[in-house]
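Worksheet: the structure to be examined is printed underneath.
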Amino acid sequence: MESGMISVDKWSSGSQVYFLTHLHADHTVGLSSKWKRGLLYCSRDTARLFPTKFPDFNLSLIRVVEIGCWHSLSLVSPTSGSATTVYVMAIDANHCPGSVMYLFRGEFGCMLYTGDFRWEKSRNTFEVGRTMLLNALKNEKLDILYLDNTYCNPRFSFPSREVAAREIVDIITAHPEHDIIIGIDSLGKEDLLLYISRTLNMKIWVWPERLQVMHLLGFPDVFTTKTSLTRVRAVPRYSFSIETLECLNTVRPTIGIRPSGLPWAMKAVKANGNVFGSSRSTSGLNKSNENTDIANGSQTHEPNEDLRSVEKSHEYIYTVPYSDHLCFAEIQEFIELLRPIKIKGIVSSLSFNIDPCYFFRHLCGTKQAIWRLHQTLDNDERLEKVGTVDIKSTIPGSFSVAGRKRKKVQLVNRVSLLRKLGHGVRIADS
DNA sequence: GCGATCAGCT
DNA sequence: CACAGCTGATCGC
């Protein structure tokens with residue numbers, strides 16, 4: 001059996017300690033109420049929410065990592081077998097309540113695992129997080145960055161959540177006689193609901209389990225399970241469909257709002273056949289940035305803060321690019337700030353390319369020799385090669401990595417295989 | 001019968 | 001397409 005030191009969002013055996021970035025289901029594949037493989041480190045909010053997801057979990061195994069503080073762990077070096085100390089700091093990831101990124105320092109070097117995150121300059125806590133990260137790094141190099149590359153392609157461009165939230169409020173205001181339903185998940189988008197509530201001075205209906213989550217997180221008392229108190233309801237995304245909307249409209253005029261970055265990403269893919277295809281306007285409402293040369297490193301990519309990006313995809317449905325993952329421009333800013341030696345995406349794709357190395361290798365520290373090897377290859381070949389560079393040769397102590405895979409639908413067998421892979425990383429295997 | 005995993009859907 | 005997730009079927013103990 002493999003032995004290792006630390007796993008992040010990865011729950012197979014063989015590590016000494018385990019870290020969880022946030023409680024979304026695709027990061028907890030393999031975790032269960034019967035967990036007993038070792039200590040589980042997470043943020044305070046995640047710890048607070050833990051029993052709602054894993055009711056019989058042995059809470060004595062949970063260790064809270066306070067945000068912004070260095071924590072030390074006494075572990076056993078998988079290479080030498082002797083005691084070694086690892087330091088870790090959690091930093092707010094602004095993805096969903098409790099979500100954090102982890103910065104590790106140890107014999108393996110310095111690594112940052114972002115988990116899912118967003119990096120919005122306009123957010124009022126942005127400077128706090130940025131300063132925390134830079135102070136923690138001091139002047140030391142970041143050996144490896146495990147990055148949320150969900151939307152790592154210049155075509156994936158959407159505004160800040162602040163802008164998207166205003167658009168959502170505008171839609172609600174423009175429908176004063178309508179009921180409104182908003183599709184959300186079991187965790188995330190709370191800030192959007194609070195913004196709607198504050199701006200329009202109304203309560204928001206949520207389903208009972210969701211109300212419990214709101215209470216556990218200490219949100220203000222603007223959420224209710226009483227339908228009569230409000231015309232705005234946040235409903236589980238899985239129960240949000242055209243059929244649902246049509247059914248509701250037989251009773252009362254109702255519109256649905258889908259907050260998601262995904263349709264914009266997908267539209268870019270669909271309009272061009274692939275993400276590297278020639279630029280073409282996809283809609284009068286949504287103009288993605290027309291930048292195909294990012295890989296050469298000569299251009300910057302500013303977010304579209306002022307575009308009208310609401311899409312009416314159906315008579316009753318508005319889709320708004322409110323994304324809890326960072327867009328391409330934010331990825332670029334994040335990498336330019338940190339200048340890691342090596343980048344590894346935590347999402348790998350079979351259907352279209354989102355490899356951060358393809359777009360940002362010119363921003364990486366000292367790995368030019370490796371990239372140079374591939375410079376004579378054509379684009380397609382290079383794309384395959386850079387994704388498989390073995391980082392074990394670059395980091396003392398060695399890492400072992402498993403990425404979260406995106407699914408490709410045509411190949412059914414492949415899909416079930418990929419499902420097993422899940423998320424996460426284990427560091428410092430022997 | 002139970003939990004874990006998988007298929008299929010949005 | 002599939003962010004993150006649900007339901008229901010099937011598998012293994």
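Below, read A as the first sequence line, B as the second, and so on, with proteins coming before strands; counting in each chain starts at 1.
Contact between the side-chain N/O atoms of A:His95 and the OP1/OP2 oxygens of C:dA4 is found at a separation under 4.0 Å. One finds no side-chain N or O of A:Ser260 lying less than 4.0 angstrom from the OP1 or OP2 phosphate oxygen of C:dC3.
The listed nucleotides are C:dC3, C:dG5, B:dA4; the one nearest the side chain of A:His24 is C:dG5. Nearest to the side-chain atoms of A:Ser32 among the listed nucleotides C:dG5, C:dC3, B:dA4 stands B:dA4. The side chain of A:Tyr238 approaches C:dC6 more closely than any other nucleotide in the set C:dA4, C:dC6, B:dT10. Between B:dA4, C:dT7, C:dA4, one nucleotide has an atom nearer to the side chain of A:Lys34 than all others, and that is B:dA4.
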Compile the donor-acceptor pairs under 3.5 Å between side chains in residues 191-198 of chain A and protein atoms, sequence neighbours left out, one pair per line.
residue	atom	partner	partner atom	Å
A:Asp191	OD2	A:Arg123	NH2	2.7
A:Ser197	OG	A:Met202	O	2.8

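Applying the 3.5 Å distance criterion, the base of C:dC3 shares a donor-acceptor pair with the side chain of A:Arg237. A donor N or O paired with an acceptor N or O is not found under 3.5 Å between the base of C:dC3 and the side-chain atoms of A:Thr150.
A donor and an acceptor atom, one from each side chain of A:Asp148 and A:His325, are located under 3.5 Å apart. If you check the side chains of A:Ser43 and A:Asp45, you find no donor sitting under 3.5 Å from an acceptor.
Nucleotide B:dA4 holds its P atom 10 Å from the CZ atom of A:Phe54, rounded to whole Å. Atom CG in A:Leu187 sits roughly 7 Å away from atom P in C:dG5 (whole-Å rounding). One can place CG of A:Asp26 at 12 Å from P of C:dC6, the figure rounded to the nearest angstrom. The nearest whole Å value for the distance from the NZ atom in A:Lys53 to the C1' atom in C:dC6 is 11 Å. Computed from coordinates, the A:Asn153 CG to C:dC1 C1' distance equals 14 Å when rounded to whole Å. One interatomic measurement links the two molecules: CH2 of A:Trp11 to P of B:dG3, which rounds to 21 Å at whole-angstrom precision. In this entry the distance linking CZ of A:Arg161 with C1' of C:dC3 reads 13 Å, nearest Å. A:Leu31 has its CG atom 16 Å from the C1' atom of B:dT5, to the nearest Å.
Residue-level contact check: A:Ser323 touches neither bases nor backbone, having no heavy atom under 4.0 Å from any strand. Nucleic acid contact class of A:Ser239 (heavy atoms, under 4.0 Å, all strands): none.
A:Phe117 and A:Phe334 have their aromatic ring centers within a separation under 6.0 angstrom.
Shown are A:Tyr113, A:Tyr18, A:Tyr146; of these, the side chain to side chain contact (heavy atoms under 4.5 Å, CB included) with A:Val8 is made only by A:Tyr113.
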